[in-house]
Amino acid sequence: MTANTKPKFYLTTPIYYVNARPHLGHTYTTVVADTIARHKKMCGYDVIFLTGTDEHGQKVERAAKAAGVTPQEFADRISAEYRALWQELDLPFDRFIRTTEPRHERAVQMLCRKAQDRGYIYKGGYEGQYCVFDEMYVDEPLPGNLCPECKRPTERVREENYFFKLSAFQDRLLELYEKQPDFVQPETRRNEVLAFVRGGLRDLSISRTSFKWGIPFPADEKHIFYVWYDALTSYMTGVGYADDEVQFERYWPADLHLVGKEILRFHAVYWPAFLMAADEPLPKRIFAHGWWLFADEKMSKSRGNMQYPQPIARVLGVDALRYFLLREMVFGQDGNFSRDALLTRYNADLANGLGNLASRTLTMIQTYLGGRVPARNPNEENDRDREVAALKETVCEEVSGYYDSYDFSRVLDSIWGLIAEVDKYLVEFQPWVLVKEKSKWGRLETVLYTAYDVLSAVVCLTHPVIPHATQKIWEQLGHSTKLETQSLSQAWWKEHKHPFQIGASEAVFPRVDKKEAFERIEAMEDEIRNPAAAHVAAAGAGAGSPSGSPASPAAPASNKIGIEDFAKVEMRVGVVKSAERVAGADKLLKLLVDIGDEVRQVVAGIAVAYTPEEVIGKKVVVVANLAPRKLRGVESNGMIVAASTGPDGKPVLCTFTEDVPPGARLK
Ligand code: MSP
């Protein structure tokens, strides 16, 4: 075996929680990571791209309990969904780490022991508020004991824990941010981290005893690790920590951790401190990107605005999804997702832009030159040809810088500027006119050579973002190689030997009818979000309806329902965490209800019977899979079950006399 002489590049996505299914937000980070991985490979790096699932913690334990399965079964199911999705979207990670793997347990314990040996871990008492949703201790809750991050109610915890001496690292962390200004990116996020650390650091509790679903503490099994200590260490486990020294030496430290902005503090403050305490090398860079928003709100299960990537990929193709995600959002900032913008970009940039340039160039070479790409002929070149060729060089250079700074929207802007320029150039010189006069065939060859040459560069440069379409165009351009093996740094097209023969051309991005595509995506989204409802709708559509238009649902055979109908209603035990009146509505209370794996906002018509104070702390029954709706402008995600005592009678809440955990399902 020969030694790998390539420089290495190790990058990671966050490892995703298994309490919820993968959605477009998770897909975004994974697509970015995959794009960087593909780009680095084309630049000659030996790349390792890690992703995985974060499977421990109270949130997962509760979600599993509510689903009536063990935490391991629950984790197995969702972790498999993640893998299946990455496979469907062709995101070929090199490592997939699950925090329930035995090798990971060894790694976490080893990192901790090293810090313990160096005196950075001690036992102490903790009493305070804890946010289960964010899995973090909350030193300064908002009024009503709400978490300042997610605004959900926090819980009081009191326990004897192991503490990490985070306070000992304030100066070293500040020195790190100072000496390596690009350790945290982008700059605005770096400033937030600086301000946080300058404000002083308190020691951090890194073990729990109040629940069981976690990695046992070394030599004190009553304690399990705090889920973030466990999760962050997975970045090391993935490349062999405590398992494979040679591999670990080669790939650690990570060159890049990609994270969403909400988990930056864990990565930019806690993680380097954990590593410093164990005397392990620090990652080189942490990049915190923004959020995909939907009508200016973050995507979340409780808001009912989850978007899934599969429908887009199935209707428009994986590349269209990737292109949109990287083009539309400035990496590092928030972006608004809209299906309309997606479809507009698809038709304008992919079908009419790149797709059209490829098909018209190839068709003209086929028809006018018998499919033979001519060699460059400087004698036939004029200033305009040289200008277009020079622009290509400039774009290649500029794009390489944008890729290196992860500025994907600029990468694509710049390339699409070049595409527009070649379109203009073709219209200026009109090959379809040149072909008519033999004396102009020299010019014809030069114009088509120039278009072909730029198209080749465009295809290479865009490959990391839209790998499938570019490979197809590459083959149509007459190559039999894999585009991913092309070196971007050596600008292959400069040395390429013409003439040669092109392949058959075929549209890579067929134009779509916006309305029809919109509806197909929407229908698939609904089906993913709510399989039961989609099932009813499908059953309701008449069999003899070839146009696919919905027919009226068949009349029910009787007023009895089958057990399968009842099973569609997801009823769960909820604990009311907070309650307030809805302004201008006498009957409505706005409640925050803990249903185990999440806290829901539900608006209930019970204000005539209950004051807000009376319902706080009550265990109620929540219909959890009701589509969200707005009552007096306030969003309600679910319904509270109450007995109705006649038109003028007061509603009576359905509750429990025996102890039941929040989230337990009613069957
Ligand atoms: N398990 C932790 C991470 C531990 S890493 C050692 C976690 N998991 S998560 O499932 O909640 O995933 C959060 C990540 O998913 C974000 O940091 C981001 O990368 C991605 N996104 C989730 N929703 C998103 C958007 N709406 N928009 C963009 N990215 C989003 O946190």
Side-chain angles (χ1 to χ4, degrees), residues 11-34 36 50-60 63 75 78-79 81-82 85-86 91 95-100 104 107-108 111 131-136 149-150 189 214-215 225-238 254 256-272 274-275 283 286-303 305-309 324-326 328-337 408 597-598:
L11 83 163
T12 65
T13 70
I15 52 163
Y16 304 111
Y17 285 131
V18 291
N19 66 312
R21 302 165 60 191
H23 56 60
L24 196 68
H26 307 118
T27 305
Y28 176 63
T29 319
T30 316
V31 162
V32 168
D34 180 67
I36 297 174
L50 170 138
T51 188
T53 41
D54 187 356
E55 308 187 359
H56 289 127
Q58 202 162 4
K59 200 153 64 161
V60 175
I78 305 280
S79 183
E81 266 199 54
Y82 269 98
L85 178 62
W86 303 152
L91 297 164
R95 301 280 187 282
F96 191 97
I97 181 76
R98 299 185 56 185
T99 56
T100 50
H104 178 61
V108 174
L111 187 72
C131 172
V132 175
F133 183 80
D134 287 322
E135 296 282 14
M136 74 177 192
E149 293 294 322
C150 67
R189 301 276 165 232
I215 293 180
F225 275 94
Y226 170 45
V227 67
W228 273 101
Y229 195 92
D230 162 351
L232 288 160
T233 312
S234 67
Y235 296 141
M236 295 166 94
T237 317
L256 176 66
H257 290 316
L258 290 170
V259 299
K261 62 182 181 181
E262 80 290 358
I263 56 172
L264 178 60
R265 188 183 301 169
F266 299 101
H267 285 79
V269 182
Y270 299 175
W271 182 222
F274 294 162
L275 291 167
I286 292 154
F287 198 115
H289 65 69
W291 288 340
W292 277 104
L293 304 173
F294 300 88
D296 292 318
E297 283 195 328
K298 191 176 182 225
M299 198 167 38
S300 83
K301 216 159 64 168
S302 50
R303 291 192 185 101
N305 64 356
M306 307 285 273
Q307 304 284 318
Y308 295 94
F324 181 77
L325 291 178
L326 294 186
E328 193 73 6
M329 177 133 127
V330 175
F331 192 55
Q333 297 176 15
D334 288 347
N336 259 304
F337 181 87
F408 306 106
D597 54 342
E598 60 175 301

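Read the numbers this way: they start at 1 and go in the same order the structure lists the ligands and their atoms. When a residue number appears, it is its place in the shown sequence, counting from 1.
Counting protein heavy atoms only, atom 10 (O) of ligand 1 is closest to Tyr17 N, 3.0 Å. Closest to atom 26 (N) of ligand 1, if we only count protein heavy atoms, is Trp292 O, 3.2 Å. Among all non-hydrogen protein atoms, the one lying nearest atom 12 (O) of ligand 1 is Tyr16 CD2, 3.5 Å. Nearest protein heavy-atom neighbour of atom 15 (O) of ligand 1: His26 CD2, 3.4 Å. At the top of the distance list for atom 24 (C) of ligand 1, counting protein heavy atoms only, stands Gly25 CA, 3.4 Å. Protein heavy atom in closest approach to atom 19 (O) of ligand 1: Thr29 OG1, 2.7 Å.
Under a 4.0 Å heavy-atom criterion, Lys261 is not in contact with ligand 1. Between Gly290 and ligand 1 there is a heavy-atom distance shorter than 4.0 Å. Taking a 4.0 Å cut-off on heavy atoms, Glu135 fails to register as neighbouring ligand 1.
For ligand 1, the atoms sitting less than 4.0 Å from at least one non-hydrogen atom of Ala231 are 6 (C), numbered in the order shown with element in parentheses. Here is the list of ligand 1 atoms found below 4.0 Å of a heavy atom in His23: 22 (C), 23 (N). Listed by atom number, the atoms of ligand 1 under 4.0 Å from Asp54 heavy atoms are 1 (N), 2 (C), 4 (C).
Between Phe331 and Phe287, the two ring planes are parallel [angle under 30°; tilted spans 30° to 60°]. Using the six-membered ring where Trp is involved, Phe337 and Phe324 have ring planes that are perpendicular, over 60° apart on the 30 and 60° scheme. Using a 30° and 60° split on the angle between ring planes, Tyr229 and Phe225 fall in the parallel class, below 30°.
Residues passing the side-chain hydrogen bond (donor to acceptor under 3.5 Å, both in side chains) test with Gln307, sequence neighbours excluded: none. Tyr16 pairs by the side-chain hydrogen bond (donor to acceptor under 3.5 Å, both in side chains) definition with Thr30, not counting sequence neighbours.
Of the inter-residue distances, the one linking Ile286 atom CD1 with His257 atom NE2 reads 5.5 Å to the nearest 0.5 angstrom.
Contact check for Leu275 versus Pro283: side-chain heavy atoms found under the 4.5 Å cut-off.
Contact between Leu11 and Ala33 at its shortest, heavy atoms only, is CD1-O, 3.6 Å. Across every non-hydrogen atom of Trp271 and Met236, the tightest pair is CH2-SD, 3.5 Å.
Note that Arg98 lies outside the cation-pi zone of Tyr82, set by a 6.0 Å cut-off to the ring centre and a 45° limit from the axis.
Remark: among candidates Phe266, Tyr235, Tyr82, Phe133, the nearest residue to atom 5 (S) of ligand 1 is Tyr235, based on non-hydrogen atoms.
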Run His289 and Phe408 through ring pair (Phe, Tyr, Trp, His ring centres under 6.0 Å) and show every step you take. CA-CA 12 Å; His289 65 69; Phe408 306 106; over 10 Å; no
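Geometrically, ligand 1 and Pro14 share no nitrogen or oxygen pair separated by less than 3.5 Å. Checked against a 3.5 angstrom limit, the closest N/O atoms of Ile15 and ligand 1 fall inside it. Checked against a 3.5 angstrom limit, the closest N/O atoms of Trp228 and ligand 1 fall outside it.
The side chain of Glu262, and not its backbone, has at least one atom closer than 4.0 Å to an atom of ligand 1 (non-hydrogen atoms only; side chain from C-beta on).
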